[in-house]
Amino acid sequence: MSQPGEASVKFRLVATPTDSIRTLFWLRNLAIAGQLIVIATVYHWLHVSLPITGLLVLVLILICFNLLIGLRLRLRWPATYPEVSAQLAIDMLILGALLYLSGGATNPFVSLYLLPVAIAAVALPRRYAWSVAALAIVLYSCLMKWFVPLDYIGENMHGMFSLHVGGMWIDFIISALLMAGFLIHMAAAVKKRDQQLASMREASLRNEHINAVGALAAGAAHELGTPLSTVAILVSELEALHVNEPEIREDLGLIAGQIRLCRERLSELLDISGHPRGQAMQTMMLRTFLEGVFDRWRLMRPTVTAEILWQPSFRDCRIVADPGLSQTLISLLNNAADATFDSGGSRVTANVTSDDELLHILIDDEGPGLDEATRARLGETFFTTKEQGWGLGLAISNINLSRLHGEITLKSREAGGIRTEIRLPLADLKVTAQESQSSSHG
């Protein structure tokens with residue numbers, strides 16, 4: 001029974017249907033090569049009389065079937081467990097036909113039926129695995145009664161037995177190699193999925209912390225409206241009292257600008273809550289959006305010497321002005337400014353470039369850089385290196401960019417300071433022609 005607030009996750013260690021089909025495709029290629037080698041060896045070197053035409057036709061059918069599966073893997077059809085079971089069934093039926101023409105249950109390669117049963121047990125849910133096992137039992141049982149006997153030319157009983165033992169030895173080697181390769185592949189897939197599951201649980205815990213802070217922030221947004229309005233009125237009155245004092249009026253203007261920023265951010269916080277894409281967000285050109293973010297940040301940090309470099313490769317496009325992205329950029333720029341001032345510097349540089357697919361921003365500060373202990377804890381909720389920090393900025397930025405399939409990386413620069421790299425695919429932000437038309441009519 002899960003505790004309150006704990007994510008409940010059901011997880012079964014089976015491969016996805018697509019993974020299983022891809023694995024079967026490559027195993028089938030190996031099986032085709034092995035069948036051709038065995039047929040050639042038995043027919044030409046061991047001089048065993050075989051219905052060679054029928055055997056080659058069956059191998060050709062298997063080759064055509066696998067070519068179709070290769071084409072199927074290139075398409076984006078959703079794979080299912082019944083499809084995997086059907087492919088295993090076809091493989092077993094073709095194997096049964098090959099064995100029927102080459103001695104049936106007396107053929108040492110009949111134990112190859114264990115391979116699809118093992119694959120089904122690992123890769124399929126229980127009911128499909130039992131179905132594959134039942135089909136293998138039925139086919140093996142039929143081959144004990146119905147088959148074309150092998151004609152050993154010039155062989156006595158001892159020679160026939162030695163040949164059978166040799167075939168069993170080859171069959172064991174093939175089965176061992178294929179099963180080992182398959183199980184190693186499956187173990188790697190399970191390990192990767194375990195890592196993904198652990199990452200999902202960590203992300204879920206982080207999101208719970210952020211959601212709790214978000215609920216408090218929504219309440220604070222309502223409460224802060226009144227004191228901000230009061231401070232704005234007082235600033236206005238002070239400006240009227242100091243009409244002839246330019247220095248004081250300049251400081252009061254700066255305070256008024258900061259108050260206006262706070263009110264705009266609180267208004268955005270309340271407006272975007274619960275609204276889907278496009279209803280509470282404007283559409284604009286990418287460069288216009290970024291310039292607006294940088295201008296707002298300059299107003300917040302007037303003492304910073306900010307240098308925004310638009311690289312020649314920058315390509316503009318129309319996007320949805322996502323408030324989360326704006327919040328992320330300002331937060332990361334503030335982190336850079338704080339690190340710079342802590343080291344006695346004053347400059348923050350941002351290099352901006354984009355193409356049809358990706359927005360790429362590099363933010364360089366003049367701070368002390370990162371030590372290994374700090375690097376290991378970056379992004380943890382409530383972890384901060386600032387005396388008055390809350391430890392939420394980078395965590396929220398990661399969540400905002402993850403939602404847009406972007407990423408943040410931080411690394412120390414050789415010249416000193418930290419380079420913050422933001423990579424954001426523009427697919428989720430770009431405005432389609434239909435959205436742009438509806439927005440203009442709206």
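- Counting only heavy atoms from C-beta outward, the side chains of R28 and Q87 approach each other to under 4.5 Å.
- Within the 4.5 Å cutoff, the side chain of L95 has heavy atoms near those of the L112 side chain.
- Atoms CD1 and CG, from I408 and L332 in turn, are 4.5 Å apart once rounded to the nearest 0.5 Å.
- A salt bridge is absent between D355 and R315: the closest approach of a Lys/Arg side-chain nitrogen to an acidic carboxylate oxygen does not fall below 4.0 angstrom.
- Across all their heavy atoms, A123 and S20 have their closest contact at CB-OG, 3.4 Å.
- Counting only distance, with no hydrogens or angles, the side chain of T41 and the backbone of I37 share a donor-acceptor pair below 3.5 Å.
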- Message: Go through it in stages, so that I can follow the logic: the residues are Q35 and L62, the test is side-chain contact (heavy atoms from CB on, under 4.5 Å), and I'd like the CA-CA distance, side-chain angles, deciding distance and then a yes or no.
- Response: CA-CA 11 Å; Q35 288 164 1; L62 188 59; 3.6 Å; yes

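- Scanning all heavy atoms of the two residues, the minimum distance from S85 to L124 falls at OG-CD1, 3.5 Å.
- A 4.5 Å side-chain heavy-atom check between E291 and W310 finds at least one atom pair inside the cut-off.
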- Message: I'd like to know whether R72 forms a side-chain contact (heavy atoms from CB on, under 4.5 Å) with I21, so could you lay out the CA-CA distance, the side-chain angles of the two residues, the decisive distance to 0.1 Å, and finally the verdict.
- Response: CA-CA 10 Å; R72 182 256 179 275; I21 290 175; 4.1 Å; yes

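- Side-chain N or O atoms of T340 include one that pairs as donor or acceptor with a backbone N or O of E366 at under 3.5 Å.
- Between the CG atom in L238 and the CD atom in E245 there is a gap of 10.5 Å [rounded to 0.5 Å].
- Contact of the I363 side chain with the N335 side chain is not registered, since no non-hydrogen atoms from C-beta on lie closer than 4.5 Å.
- Between I119 and V132 the shortest side-chain heavy-atom distance does not fall below 4.5 Å.
- Atom CG of residue D316 and atom CE of residue M285 lie 4.0 Å apart, to the nearest 0.5 angstrom.
- Taking CG of L325 as the reference point, atom CG of L359 lies at 7.0 Å (rounded to 0.5 Å).
- Heavy-atom minimum distance, A120 versus A129: O-CB, 3.5 Å.
- Counting heavy atoms from C-beta outward, T80 and P78 have side chains that stay 4.5 Å or more apart.
- Between V117 and A136, the shortest heavy-atom distance links the atoms CG2-CB, 3.7 Å.
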- Message: I'd like to know whether L358 forms a side-chain contact (heavy atoms from CB on, under 4.5 Å) with T353, so could you lay out the CA-CA distance, the side-chain angles of the two residues, the decisive distance to 0.1 Å, and finally the verdict.
- Response: CA-CA 8 Å; L358 185 71; T353 186; over 6 Å; no

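- Within the model, atoms CD1 of I330 and CH2 of W297 stand 10.0 Å from one another, a figure rounded to the nearest 0.5 Å.
- Considering every non-hydrogen atom in both F341 and S346, the closest pair reads CE2-CA, 4.3 Å.
- When atom types are taken as modelled, the side chain of K430 and the backbone of E357 share no donor-acceptor pair closer than 3.5 angstrom.
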- Could you go step by step and tell me if F289 and L429 meet the side-chain contact (heavy atoms from CB on, under 4.5 Å) rule? CA-CA 12 Å; F289 169 76; L429 287 177; over 6 Å; no

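- Using a distance-only test at 3.5 Å, with no hydrogens or angles considered, no donor-acceptor pair links the side chain of R22 to the main chain of L73.
- Counting only heavy atoms from C-beta outward, the side chains of P116 and D91 never approach each other to under 4.5 Å.
- The line from CG of L139 to CE of M92 is 6.5 Å long, rounded to the nearest 0.5 Å.
- Classified by interplanar angle (parallel below 30°, tilted 30° to 60°, perpendicular above 60°), the ring pair Y113/Y140 is tilted.
- No side-chain heavy atom of E421 sits less than 4.5 Å from a side-chain heavy atom of E407.
- Across every non-hydrogen atom of S326 and V293, the tightest pair is OG-CG2, 3.7 Å.
- Remark: the backbone N or O of A337 is not paired with any side-chain donor or acceptor of D365 at under 3.5 angstrom.
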